[in-house]
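First the structure, in the form of structure tokens, and then the observations on it.
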Amino acid sequence: MKVSKDPMINQNNATESMKMAIASSEAMRNARKRRPRRLALLFIVFVSVSFVVWDRMNLSREHEVEIYKLNEEVLRLEQMLEELKGVGNGKSLKTLKDAPENPVDVERRQKVKEAMIHAWSSYEKYAWGKDELQPQTKDGTDSFGGLGATMIDSLDTLYIMGLDEQFQKAREWVASSLDFDKDYDASMFETTIRVVGGLLSTYDLSGDKIFLEKAKDIADRLLPAWNTPTGIPYNIINLRSGSAHNPSWAAGGDSILADSGTEQLEFIALSQRTGDPKYQQKVEKVITELNKNFPEDGLLPIYINPDNGNPSYSTTTFGAMGDSFYEYLLKVWVQGNKTSEVKLYREMWEKSMKGLLSLVKKSTPSSFTYLREKNGNNFIDKMDELACFAPGMLALGASGYGPEEEKKFLSLAEELAWTCYNFYQSTPTKLAGENYFFNAGQDMYVGTSWNILRPETVESLFYLWRLTGNKTYQEWGWNIFQAFEKNSRVESGYVGLKDVNTGAKDNKMQSFFLAETLKYLYLLFSPSSVIPLDEWVFNTEAHPLKIVARNGQQERKPAVTLRQRRFGGIKG
């Protein structure tokens with residue numbers, strides 16, 4: 001910088017420089033004073049902006065979550081709508097997420113549906129409102145006192161198959177014409193499994209309260225049957241007077257085991273749906289009473305004294321008059337979400353399975369596994385076709401055991417199913433007789449030779465298909481269906497056979513052919529999402545009842561073990 005030689009100028013310059021320096025110093029001091037305020041202001045602005053951005057981000061995330069939830073709800077409602085629409089357009093209760101189906105299954109399911117249409121339209125034409133159709137004479141008969149057995153037994157089958165027009169017409173009959181005020185001595189067992197079970201199942205499927213109201217009406221008329229010293233019910237009751245007794249042919253006026261121990265599913269379900277505990281209390285007291293004298297092998301004879309609860313000396317069997325008692329011990333456990341509240345049922349059932357093992361024997365020379373009967377200490381080498389429900393029961397209950405026991409009982413189920421299938425394959429008509437005897441070196445031969453369109457073998461094939469995925473069981477079921485089509489289908493419905501060896505026909509279309517046989521065949525070729533086994537439990541008449549939370553507990557789906565689907569060759 002250049003310096004002037006003039007002292008005044010230099011002095012002025014010095015003074016000016018000093019002023020500038022002071023001003024600069026003052027400015028710096030002021031700046032230093034203002035900096036914290038600016039920094040504070042900037043910090044406040046930054047924090048404010050951050051809060052706004054963070055809040056917006058949170059709102060955005062919450063918005064996304066809400067949208068996700070809404071989308072899920074929309075999807076769920078769409079699926080429900082699709083299922084409801086299925087009733088009207090011929091689709092089954094099947095969800096949108098099902099994998100593409102095997103065309104063979106679709107074709108076979110349609111054939112079974114056509115069989116149902118043929119059976120139902122024949123009933124509608126010739127026996128509307130009657131209990132059962134007589135196809136040969138083209139008229140109806142009231143074999144159950146005029147309770148519309150075929151009508152009620154068929155309701156849920158019509159619904160599941162998507163036969164909406166037929167279902168709606170049947171529904172109108174139930175609403176306007178079904179009357180239980182009859183001076184009729186009804187079988188408490190048959191009325192429960194067919195009528196109470198059929199109405200409750202249809203209510204669970206459709207949500208239509210008319211079916212629940214009718215179920216309550218008939219159940220109230222049955223309740224006096226349990227008014228015995230032990231609570232073990234009489235098996236016959238007049239629907240108008242409430243007067244109850246046991247059948248005259250029963251030993252010493254005793255109650256029948258299956259008839260007394262096969263109401264639990266229906267009456268527990270009715271208490272759940274109505275909120276009235278009286279139905280459940282009646283039927284559970286029976287199990288409590290039977291458990292007092294329950295043997296270590298879990299096998300009870302077919303006659304029980306209703307006055308003292310003692311078993312009477314008689315046949316022990318998984319066939320007629322014993323069968324469904326054991327079935328319901330397992331299924332009430334399933335219905336009750338497999339919780340501690342129904343642990344007694346499972347414990348009793350497992351004891352009974354120990355007893356079942358003592359009845360197992362193999363034939364010679366072909367090693368067919370079968371279930372004997374027992375009378376005292378004597379074994380009888382006889383097995384009813386009715387006992388062919390057992391393979392399905394064993395398969396359903398196997399998953400409640402540990403791995404080794406599960407494998408053992410599932411293997412036994414598969415062996416028994418093979419025997420039951422051969423009940424059909426061993427006759428000229430390929431339809432099973434009512435029972436079979438086994439002699440050393442002769443394998444099996446037909447005892448009582450009629451076939452009345454029974455469902456038990458097909459029922460077990462359905463369970464084994466669902467639980468193992470082995471397509472062999474579908475093939476066996478299809479062969480049985482074709483045998484029914486060939487031998488039992490007539491112009492005006494389906495009939496049983498008087499003799500499976502000759503093919504001679506009878507004159508009755510049993511209501512359970514529509515309720516059970518055709519339903520299980522239809523489900524055998526349907527996706528597992530149609531009446532899934534972790535959401536529904538079938539009563540002994542094949543009426544599915546929804547599994548719901550028990551006594552206020554949180555609902556949870558009972559675990560059902562599903563094995564990898566596999567393809568297997570048909571034996572023989």
Side-chain angles (χ1 to χ4, degrees), residues 111-112 114-127 130-144 148-154 157 187 189-190 193-194 319-321 323 383-389 420-436 444-461 476-522 540-542:
K111 292 290 186 183
V112 176
E114 289 171 2
M116 178 66 185
I117 293 171
H118 177 64
W120 177 259
S121 60
S122 299
Y123 169 77
E124 185 177 359
K125 184 175 182 179
Y126 298 112
K130 296 287 186 178
D131 284 329
E132 291 178 313
L133 167 67
Q134 298 183 135
Q136 304 278 39
T137 52
K138 297 182 179 179
D139 57 9
T141 179
D142 281 335
S143 42
F144 294 96
T150 294
M151 186 86 68
I152 297 173
D153 249 352
S154 301
T157 306
S187 163
F189 167 74
E190 297 290 356
I193 66 172
R194 298 178 195 235
M321 300 195 288
D323 48 6
M383 180 175 173
D384 290 349
E385 197 281 338
L386 279 166
C388 286
F389 85 96
C420 291
Y421 176 61
N422 276 277
F423 285 174
Y424 287 78
Q425 292 299 295
S426 63
T427 71
T429 58
K430 304 300 181 186
L431 289 176
E434 183 72 358
N435 52 50
Y436 284 77
M444 65 180 73
Y445 64 93
V446 176
T448 304
S449 60
W450 68 60
N451 178 292
I452 57 172
L453 307 170
R454 287 202 187 276
E456 284 75 22
T457 297
V458 173
E459 172 186 354
S460 284
L461 297 180
W476 294 355
W478 179 246
N479 291 341
I480 291 172
F481 173 70
Q482 288 182 304
F484 279 127
E485 288 291 287
K486 181 179 179 180
N487 297 282
S488 293
R489 183 167 178 149
V490 296
E491 177 193 354
S492 51
Y494 288 82
V495 295
L497 300 184
K498 295 177 181 178
D499 190 332
V500 294
N501 296 308
T502 66
K505 295 174 172 55
D506 69 17
N507 187 31
K508 182 175 284 190
M509 185 172 77
Q510 303 280 349
S511 78
F512 55 66
F513 181 67
L514 292 81
E516 300 184 74
T517 310
L518 291 179
K519 183 186 292 152
Y520 280 130
L521 282 165
Y522 183 83
T540 197
E541 190 79 1

Verdict with supporting geometry, Tyr424 and Asn479, side chain to side chain contact (heavy atoms under 4.5 Å, CB included): CA-CA 9 Å; Tyr424 287 78; Asn479 291 341; over 6 Å; no

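A donor-acceptor pair under 3.5 Å is formed between the side chain of Tyr123 and the backbone N or O of Lys130. Judged by distance alone, with hydrogens and angles left aside, the side-chain atoms of Asp131 form no donor-acceptor pair with the main-chain N or O of Thr141 at under 3.5 Å. Between the side chain of Asp499 and the backbone N or O of Trp450 there is no donor-acceptor pair closer than 3.5 Å. Judged purely by atom type and a 3.5 angstrom limit, Ser492 uses its side chain to pair as donor or acceptor with the backbone of Pro135. With hydrogens and angles ignored, the 3.5 Å screen pairs a side-chain donor or acceptor of Asn451 with a backbone N or O of Ala432. Although no hydrogens or angles enter the test, the distance criterion places a donor-acceptor pair under 3.5 Å between the side chain of Ser488 and the main chain of Val495. Glu385 places a side-chain N or O within 3.5 Å of a backbone atom of Thr457 that can act as its donor or acceptor partner. The backbone N or O of Leu386 sits nowhere less than 3.5 Å from a side-chain atom of Glu456 that would complete a donor-acceptor pair.
Distance check, rounded to the nearest 0.5 Å: CZ of Phe144 to CG of Asp153 gives 8.0 Å. Thr540 OG1 to Asp323 CG: the interatomic distance, rounded to the nearest 0.5 Å, is 6.0 Å. If you take OG on Ser449 and CG on Asn435, they are separated by 9.0 Å, rounding to the nearest 0.5 Å. The line from CG of Leu133 to CG of Asn507 is 8.0 Å long, rounded to the nearest 0.5 Å. Atom OG of Ser154 is separated from atom CD of Glu124 by 11.0 Å, given to the nearest 0.5 angstrom.
Partners of Tyr436 under the ring pair (Phe, Tyr, Trp, His ring centres under 6.0 Å) rule, at least two apart in sequence or in another chain, are Phe423. Tyr520 is linked by a ring pair (Phe, Tyr, Trp, His ring centres under 6.0 Å) to Phe462, Phe538, counting only residues two or more places apart in sequence or in another chain. Every residue meeting the side-chain contact (heavy atoms from CB on, under 4.5 Å) condition with Glu485, not counting sequence neighbours, appears here in chain and number order: Ala115, Phe481, Arg489, Tyr494. Applying the salt bridge (Lys or Arg N to Asp or Glu O under 4.0 Å) rule to Lys111 yields no partners; only residues at least two apart in sequence or on another chain are considered. Lys486 meets the side-chain contact (heavy atoms from CB on, under 4.5 Å) test with no other residue; sequence neighbours excluded. In this structure, the side-chain contact (heavy atoms from CB on, under 4.5 Å) partners of Pro455, at least two apart in sequence or on a different chain, are Phe512, Glu516, Thr517.
Counting heavy atoms from C-beta outward, Lys519 and Phe513 have side chains that stay 4.5 Å or more apart. Side-chain contact check for Met509 versus Glu132: every heavy-atom pair is 4.5 Å or farther apart. Counting only heavy atoms from C-beta outward, the side chains of Gln510 and Arg454 never approach each other to under 4.5 Å. Annotation: side chain of Met116 is not in contact with side chain of Tyr522 (no heavy-atom distance under 4.5 Å). Side-chain atoms of Lys430 and Gln482, non-hydrogen and from C-beta on, never get closer than 4.5 Å to each other. Side-chain contact between Thr427 and Val446 is present, with heavy atoms from C-beta onward closer than 4.5 Å. You'll find the side chain of Arg194 stays beyond 4.5 Å of the side chain of Ile152, heavy atoms only. Looking at heavy atoms from C-beta onward, Ile480 lies in side-chain contact with Tyr421 at the 4.5 angstrom threshold.
Salt bridge status for Asp506 with Lys498: absent, with no side-chain N to carboxylate O gap under 4.0 Å.
The two residues Val490 and Gln136 come nearest to each other via the heavy atoms CG1-OE1, 4.5 Å. What you find for Lys505 and Leu497 is that their closest heavy atoms are CG-CD2, 4.0 Å. Of all the heavy atoms in Cys388 and Ser460, the pair that sits closest is O-OG, 2.6 Å. Across Thr150 and Leu514, no two heavy atoms sit closer than the pair CG2-CD2, 4.3 Å. Scanning all heavy atoms of the two residues, the minimum distance from Thr137 to Asp139 falls at OG1-OD1, 2.8 Å. Across every non-hydrogen atom of Lys508 and Leu453, the tightest pair is O-CD1, 4.2 Å.
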